[in-house]
Trainee: 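Okay, handing you the structure first.
This chain uses plain numbering: 1 for the first residue, then up along the sequence.
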Amino acid sequence: MISFELSEQQKQIKEMTHWFAANEIRPIAMKAEKMERVPDDWLDNVNRMGIHLNTSSFSENSTQKTSAKDSKKEREGNRMGVLATEEMAWGDPAVTLSLPGAGLGGPPVESSGTPEQKKRFLSIFTKDKPRWGAYALTEPEAGSDASGIRTTAKKVAGGYILNGQKIFITNGERASWVVVFATVDASRGRAGQRAFVVEKGTSGFSCTRLAKKMGLRANETAELLLEDCFVPQENLLGGEQVYETSNSKQTGFQVAMKTFDSTRPIVAAMAIGIARAAYEYTLDIVQRDYPKQGRYFLLASEILAEVEQDIAAARLLTWEAAWKADLGLANAKEAAMCKAYSGKMSLDVCSKCLELLGPDGLDGHPVEKLYRDVKVFDIFEGTNQVQHLVIARRQYAPYGIKV
């Protein structure tokens with residue numbers, strides 16, 4: 001039986017985050033855009049409220065224990081995550097990405113870390129001060145093809161020496177720790193990849209530049225450099241044994257891919273929130289300013305009806321991917337589908353809304369900002385071309401066809 005009815009807890013999360021987006025995020029969005037950073041006092045206040053960006057589930061404390069009674073209930077964390085993220089991005093995507101929390105670094109630690117690593121790295125996100133985690137996979141010559149990373153990890157006494165460069169890292173400079181992907185043996189391809197947690201202040205680990213961007217200007221995007229950076233053995237995600245066991249399938253590449261299965265629906269939900277915001281801004285202006293019986297009103301109404309339809313379709317794809325994740329089912333195909341569709345949909349929606357607004361949508365209007373913000377959503381977390389490759393591989397796999 002398929003049901004689209006939200007549970008009471010999901011409704012509460014949606015209502016709470018919508019209130020927060022409307023009353024806390026939107027009032028500072030344009031200011032943060034001009035400053036190209038979110039004000040520190042605002043971040044401090046949000047952290048004291050216990051609002052964190054945890055991309056694998058929506059909870060104040062991702063390290064909390066689950067009781068035997070709760071473990072029998074159907075998990076809802078991924079679905080609550082996409083519901084909350086859509087509302088936050090509706091408020092503003094750049095501010096949302098700047099919220100304190102483990103961010104994109106959370107899922108690999110939660111899914112692949114040892115119990116000690118989970119406790120050590122995830123317990124720092126408390127109300128005493130804002131902290132961030134980050135995820136460093138992309139390199140100058142390895143972005144969409146995650147198997148081609150060049151950052152090296154050389155085994156030495158007590159740990160590893162890392163050398164390489166990472167780019168386009170969300171919250172990379174301010175992060176307390178970053179999950180960094182490197183290879184111990186490039187000749188082994190994906191099997192040689194490992195994931196490390198590199199902590200801020202580690203010798204040889206630095207931020208070389210913050211990118212100047214077309215959109216999402218309030219959110220920092222860092223370039224990170226690792227120069228003879230020593231990482232202790234206990235920071236190898238999952239521990240050495242999990243990689244060395246003969247029947248183990250764990251590699252850094254698989255950690256990265258598993259992370260995407262959790263985060264791509266979150267990215268899709270953000271794109272949906274952006275599209276919904278652009279649609280609502282435009283709908284308000286059309287209803288207020290267009291002559292109700294004029295041909296422009298009729299044309300705009302038809303375009304906006306199609307826009308609303310596309311947003312609803314993207315939302316259902318995203319809900320399915322999150323629902324499968326909550327059930328513990330393989331969702332790589334659905335995660336790729338919702339991410340690819342939502343990113344392109346949102347870009348198309350913002351473009352149509354700008355066209356309808358005409359001069360009203362020029363520089364300084366929220367829809368113009370959203371149009372710049374949304375472009376990256378069909379690029380990061382894997383370009384649309386990569387998503388289509390993921391979908392095709394799973395489509396043909398049952399027939400023994402390799403794509």
Trainee: Do Glu5 and Lys11 meet the salt-bridge criterion of a basic N to acidic O distance under 4.0 Å?
Mentor: yes
Trainee: Please report the closest heavy-atom contact between Lys166 and Leu137, naming both atoms and the distance.
Mentor: NZ-O, 3.2 Å
Trainee: Please evaluate residues Val390 and Arg393 with respect to the criterion side chain to side chain contact (heavy atoms under 4.5 Å, CB included), reporting the C-alpha separation (whole Å), side-chain torsions for both, the decisive distance (0.1 Å), and the verdict.
Mentor: CA-CA 5 Å; Val390 172; Arg393 283 175 174 169; 5.8 Å; no
Trainee: If you count every heavy atom of other residues, nucleotides or ligands that lies below 6.0 Å from Tyr371 atom OH, does the total exceed 12?
Mentor: no
Trainee: Can you tell me how far the CD atom of Gln387 sits from the OG atom of Ser342, to the nearest 0.5 Å?
Mentor: 10.5 Å
Trainee: Are any side-chain N or O atoms of Arg194 and backbone N or O atoms of Thr183, one a donor and one an acceptor, separated by less than 3.5 Å?
Mentor: no
Trainee: Step by step, would you call Lys200 with Glu173 a salt bridge (Lys or Arg N to Asp or Glu O under 4.0 Å)?
Mentor: CA-CA 9 Å; Lys200 188 173 186 177; Glu173 182 182 44; over 6 Å; no
Trainee: Distance from Ile266 atom CD1 to Asn78 atom CG, nearest 0.5 Å?
Mentor: 7.0 Å
Trainee: Does any N or O in the side chain of Asp373 come within less than 3.5 Å of the main-chain N or O of Gly215, such that one atom is a donor and the other an acceptor?
Mentor: no
Trainee: Before accepting this row, confirm whether a basic side-chain N of the pair Asp348/Lys352 lies closer than 4.0 Å to the acidic partner's carboxylate O.
Mentor: no
Trainee: Going by atom type alone, with no hydrogens or angles, which donor-acceptor pairs under 3.5 Å involve a side-chain atom of residues 94-109 and a protein atom two or more places apart or on another chain?
Mentor:
residue, atom, partner, partner atom, Å
Thr96, OG1, Met88, O, 3.0
Thr96, OG1, Asp92, O, 2.7
Ser98, OG, Ala94, O, 2.9
Ser98, OG, Asn219, ND2, 3.1

Trainee: Go through the structure and list residues passing ring pair (Phe, Tyr, Trp, His ring centres under 6.0 Å) with Trp90, not counting sequence neighbours.
Mentor: His18
Trainee: Enumerate, atom names and distances included, each donor-acceptor pair closer than 3.5 Å involving a side-chain atom of residues 314-321, sequence neighbours excluded.
Mentor:
residue, atom, partner, partner atom, Å
Arg315, NE, Glu86, OE1, 3.1
Arg315, NE, Glu86, OE2, 3.4
Arg315, NH2, Glu86, OE2, 2.8
Thr318, OG1, Ala314, O, 2.9

Trainee: Just by distance, do the side chain of Asn163 and the backbone of Asp228 share a donor-acceptor pair under 3.5 Å?
Mentor: yes
Trainee: What distance separates Lys375 NZ from Leu216 CG, expressed to the nearest 0.5 Å?
Mentor: 13.0 Å
Trainee: Just checking Lys14: does its NZ atom have more than 12 heavy atoms from other residues, nucleotides or ligands closer to it than 6.0 angstrom?
Mentor: yes
Trainee: Is the shortest side-chain N to carboxylate O distance from Glu87 to Arg276 below 4.0 Å?
Mentor: yes
Trainee: Between Thr259 and Val255, is there a donor-acceptor pair closer than 3.5 Å when you use the side chain of the first and the backbone of the second?
Mentor: yes
Trainee: Among residues at least two apart in sequence or on other chains, which ones pass ring pair (Phe, Tyr, Trp, His ring centres under 6.0 Å) with Phe380?
Mentor: Phe377
Trainee: Please check: side-chain N/O of Lys154 versus main-chain N/O of Ile161, any donor-acceptor pairing under 3.5 Å?
Mentor: no
Trainee: Please list, chain by chain and in numerical order, all residues satisfying ring pair (Phe, Tyr, Trp, His ring centres under 6.0 Å) with Phe181, sequence neighbours excluded.
Mentor: Tyr135
Trainee: Any chance you could lay out the salt bridge (Lys or Arg N to Asp or Glu O under 4.0 Å) test for Glu141 and Arg150, step after step, and finish with the verdict?
Mentor: CA-CA 8 Å; Glu141 298 182 11; Arg150 304 283 184 87; 3.0 Å; yes
Trainee: Are any side-chain N or O atoms of Ser346 and backbone N or O atoms of Ala271, one a donor and one an acceptor, separated by less than 3.5 Å?
Mentor: yes
Trainee: Applying the side chain to side chain contact (heavy atoms under 4.5 Å, CB included) criterion to Met80, which one of Thr85, Ile13, Leu6, Thr17 satisfies it?
Mentor: Ile13
Trainee: So for atom NZ, which belongs to Lys213, do other residues, nucleotides or ligands contribute more than 12 heavy atoms lying within a distance under 6.0 Å?
Mentor: yes
Trainee: Listed by chain and number, what are the side chain to side chain donor-acceptor pair (under 3.5 Å) partners of Tyr279, not counting sequence neighbours?
Mentor: Glu308
Trainee: Give the intermediate values and the outcome of side-chain hydrogen bond (donor to acceptor under 3.5 Å, both in side chains) for residues Ser176 and Glu199.
Mentor: CA-CA 6 Å; Ser176 297; Glu199 298 174 81; over 6 Å; no
Trainee: Could you report the tightest heavy-atom contact between Ile25 and Gly91, atom names first, then the distance?
Mentor: CG2-C, 3.6 Å
Trainee: Any donor and acceptor pair, going by atom type alone, linking the side chain of Gln10 with main-chain N or O of Ser7 inside 3.5 Å?
Mentor: yes
Trainee: When you check the gap from the basic side-chain N to the acidic O, do Glu234 and Arg120 get nearer than 4.0 Å?
Mentor: no
Trainee: Testing Lys339, Lys324, Arg264 one by one against Glu334 for a side-chain hydrogen bond (donor to acceptor under 3.5 Å, both in side chains), which residue passes?
Mentor: Lys324
Trainee: Of all heavy-atom pairs between Cys229 and Thr202, which one has the smallest distance, and what is that distance?
Mentor: SG-CG2, 3.6 Å
Trainee: If you take all heavy atoms of Thr151 and Gly164, which pair is closest and at what distance?
Mentor: OG1-CA, 3.6 Å
Trainee: Inspect the surroundings of CD in Glu302 and state if more than 12 heavy atoms from other residues, nucleotides or ligands are less than 6.0 Å away.
Mentor: no
Trainee: Could you tell me how the ring of Phe20 sits relative to the ring of Trp42: parallel (under 30°), tilted (30 to 60°) or perpendicular (over 60°)?
Mentor: tilted
Trainee: Can any side-chain N or O of Glu223 pair as donor or acceptor with the backbone N or O of Leu210 at less than 3.5 Å?
Mentor: no
Trainee: How far apart are the closest heavy atoms of Leu224 and Gly172, and which atoms are they?
Mentor: CD2-O, 3.9 Å
Trainee: Measure the spacing between CZ of Arg209 and OG1 of Thr221 and express it to the nearest 0.5 Å.
Mentor: 10.0 Å
Trainee: So with a 6.0 Å cut-off around CZ of Phe205, is the heavy-atom count from everything else above 12?
Mentor: yes
Trainee: Could you report the tightest heavy-atom contact between Gly113 and Leu237, atom names first, then the distance?
Mentor: CA-CD1, 3.8 Å
Trainee: With no hydrogens and no angle check, is any side-chain donor or acceptor of Asp261 less than 3.5 Å from a backbone partner on Asn331?
Mentor: no
Trainee: Short question: side chain of Asn235, backbone of Val197 - any donor-acceptor pair under 3.5 Å?
Mentor: yes
Trainee: Using a strict threshold of under 4.0 Å (side-chain N to carboxylate O), is an ion pair present between Asp326 and Arg79?
Mentor: yes
